[in-house]
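Keep in mind that this is a model prediction, so the values were computed, not measured. We count ligands from 1, going down the list as the structure has it; atoms in each ligand are counted the same way.
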Amino acid sequence: MARLVMKFGGTSVANVGLIEKIADRVVKSRAQGHEVIVVVSAMGHETDRLVSLAEEVDAGGADSVRELDVLLSTGEQVTTALLAMMLVKKGITAKSYQGHQIKILTDDAHGRARVMTVEEDRLLADLAEQRVPVIAGFQGISPSGRVTTLGRGGSDTTAVAVASALQADECQIFTDVDGVFTTDPRVVPEARCMSRITFEEMLELASSGSKVLHTRAVELANKNKVALRVLSSFNDVAGTLITSEDQIMMEAPLISGIAFTKDEAKLTLRGVKDQPGIASKILAPISEASIEVDMIVQNTGADGNTDFTFTVQRSDFQTAHQLLAGVARTIEAAEVLGDERIAKLSIVGVGMRSHAGVATQMFEILAKESINIQVISTSEIKISVVIDEKYLELAARALHAGFGLEVVAET
Ligand code: ADP
Ligand code: ASP
Ligand code: MG
């Protein structure tokens with residue numbers, strides 16, 4: 001007998017027919033003798049619908065950010081009730097819970113709150129009495145008693161936080177694909193489902209745009225030693241286990257996966273003086289506006305002048321552009337250039353550590369397709385490039401084939 005947290009994403013609970021299928025999976029796990037705690041997302045595109053409703057009101061301001069969380073949290077509430085009803089219909093005692101009922105305590109960063117604690121008493125009492133708790137993902141309660149949400153995709157993080165608090169044997173993330181693939185299978189049909197991947201690689205993939213797992217869920221699972229598995233809601237497959245590096249064979253493939261995102265935009269300040277203090281003058285107003293900067297490049301100076309380029313979330317582009325125009329006047333830069341039509345593409349692999357030449361190979365593959373690289377950044381196990389967004393799919397396919405990802409032997 002194992003204690004399992006089973007989390008079902010939006011597509012997996014998009015209608016009552018699918019909710020019945022999910023209920024059958026829970027019934028099956030119970031019949032195998034497991035203790036089950038369920039975490040659910042909102043049905044289908046419900047969260048998007050709620051976001052658009054709020055945009056229609058277009059209130060702005062801190063109060064509206066708090067009310068947005070109240071609005072968005074309703075999506076998950078609907079699913080908890082429907083699934084609990086369905087389970088009861090199938091003869092399983094089940095009970096729905098919203099974040100505040102459990103309680104899932106978060107900080108007060110509305111829209112991107114972090115889970116601080118999960119109270120386990122009620123959940124343990126349910127398990128002791130053979131009940132299945134059905135928990136709303138994505139939401140919690142702040143120290144001042146307001147409803148919070150954890151950021152888009154955050155139900156994965158709820159599942160891991162619950163699994164950690166209850167010391168579950170496995171946290172199972174059920175989704176609309178068979179597991180974690182070498183890249184998004186909807187963009188590259190040759191993508192291969194991996195039986196295992198390291199936490200480190202999964203973290204880099206998730207934070208670089210592979211939305212199959214919420215980045216903070218991977219972080220938390222790694223920190224609290226939660227066994228995390230991604231698997232299909234629709235097919236009976238083993239899925240992908242996220243594991244520590246020492247559990248994976250020594251001869252790991254060079255590259256494990258490719259992630260990409262169109263969520264960023266690029267800003268360049270041309271003709272800035274090449275002198276100490278300039279970078280901080282440029283970025284200070286950006287960080288004061290709580291805008292996160294991702295990649296940063298400064299060219300080697302020529303004639304005492306240089307260009308300074310960085311990327312931000314696309315939703316922050318207009319604000320960042322305006323702030324930069326102000327900076328340009330203060331520091332007497334030549335001009336501000338902005339480009340929203342970019343994509344960031346990253347290759348990730350622990351094998352990179354012990355192999356030189358991966359970057360060269362990546363650049364050669366892109367050059368063969370005549371794809372221009374605009375910005376490059378690297379970390380120990382990741383190389384990211386910014387390219388024109390119209391070449392994203394071509395680049396992803398070329399790199400997938402070029403690094404032989406569809407044929408790499410499973411470890
Ligand atoms: P859920 O609603 O179940 O949380 P998401 O839409 O958040 O599902 O995540 C699943 C989607 O992630 C898949 O449909 C797939 O298109 C996308 N995806 C991106 N990169 C990968 C990858 N490397 N492996 C698997 N899926 C990926
Ligand atoms: N429903 C939320 C979203 O769409 C959370 C989640 O599904 O993980 O982002
Ligand atoms: Mg998701």
Asker: Have a look at Lys7, Lys211, His214 and point out the one with the heavy atom closest to atom 4 (O) of ligand 1.
Answerer: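 Of the listed residues, Lys7 has the closest heavy atom.
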Asker: Check this for me - ligand 1, Asp156, N or O atoms closer than 3.5 angstrom, yes or no?
Answerer: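 So ligand 1 has no N or O lying under 3.5 Å from an N or O of Asp156.
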Asker: Quick test: of every protein heavy atom, which one is nearest to atom 9 (O) of ligand 2, and how far off is it to 0.1 Å?
Answerer: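 That would be Arg152 NE, 2.6 Å.
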Asker: Would you kindly specify which portion of Arg186 sits under 4.0 Å from ligand 1, judged on non-hydrogen atoms: side chain, backbone, both or neither?
Answerer: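 For Arg186, only side-chain atoms sit under 4.0 Å from ligand 1.
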Asker: Strictly under 4.0 Å, does any heavy atom of Ser233 approach an atom of ligand 1?
Answerer: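 Not so, Ser233 does not reach ligand 1.
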Asker: Heavy atom of Pro185 under 4.0 Å from ligand 1?
Answerer: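 The answer is yes, since Pro185 has a heavy atom less than 4.0 Å from ligand 1.
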Asker: Atom 8 (O) of ligand 1: which of Val348, Thr240, Thr175 has the nearest heavy atom?
Answerer: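 That would be Thr175.
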Asker: Would you say ligand 2 has an N or O under 3.5 Å from any N or O of Gly153?
Answerer: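 Yes; the residue has a nitrogen or oxygen that sits under 3.5 Å from a nitrogen or oxygen of the ligand.
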Asker: Do any N/O atoms on Gly10 end up under 3.5 angstrom from N/O atoms on ligand 1?
Answerer: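 N/O-N/O distance below 3.5 Å exists for this pair.
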Asker: Heavy-atom pairs closer than 4.0 Å: do any link ligand 1 to the side chain of Asp184, the backbone, both, or neither?
Answerer: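 Both backbone and side chain.
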Asker: Would you check whether Thr47 has a nitrogen or oxygen atom less than 3.5 angstrom from a nitrogen or oxygen atom of ligand 2?
Answerer: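 Right, the criterion is met.
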Asker: Return the residue, atom name and 0.1 Å-rounded distance of the protein heavy atom closest to atom 13 (C) of ligand 1.
Answerer: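 For atom 13 (C) of ligand 1, the nearest protein heavy atom comes out as Asp176 OD1, 3.5 Å.
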Asker: Any salt bridge between Glu170 and Arg3, counting N to O under 4.0 Å?
Answerer: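 Looking at Arg3 together with Glu170, the answer is no, because their closest N to O distance does not fall below 4.0 Å.
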Asker: What I want to know is whether Ser155 and ligand 2 share at least one N or O pair that is separated by under 3.5 angstrom.
Answerer: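 Looking only at distances, the answer is yes, because the N/O contact criterion of under 3.5 Å is met.
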Asker: More than 12 heavy atoms of other residues, nucleotides or ligands under 6.0 Å from OH of Tyr391: yes or no?
Answerer: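 Not buried by this count: 12 neighbours or fewer within 6.0 Å.
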Asker: Measuring from the heavy atoms of Glu46, does anything fall under 4.0 Å of ligand 2?
Answerer: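 Under 4.0 Å: no for Glu46.
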Asker: Out of Val230, Val212, Val187, whose heavy atom is nearest to atom 27 (C) of ligand 1?
Answerer: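 When every heavy atom of Val230, Val212, Val187 is considered, Val212 comes closest to atom 27 (C) of ligand 1.
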Asker: For ligand 1, is any non-hydrogen atom under 4.0 Å from Leu205's backbone (N, CA, C, O), its side chain (CB onward), both, or neither?
Answerer: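 Contact part for Leu205 vs ligand 1: neither.
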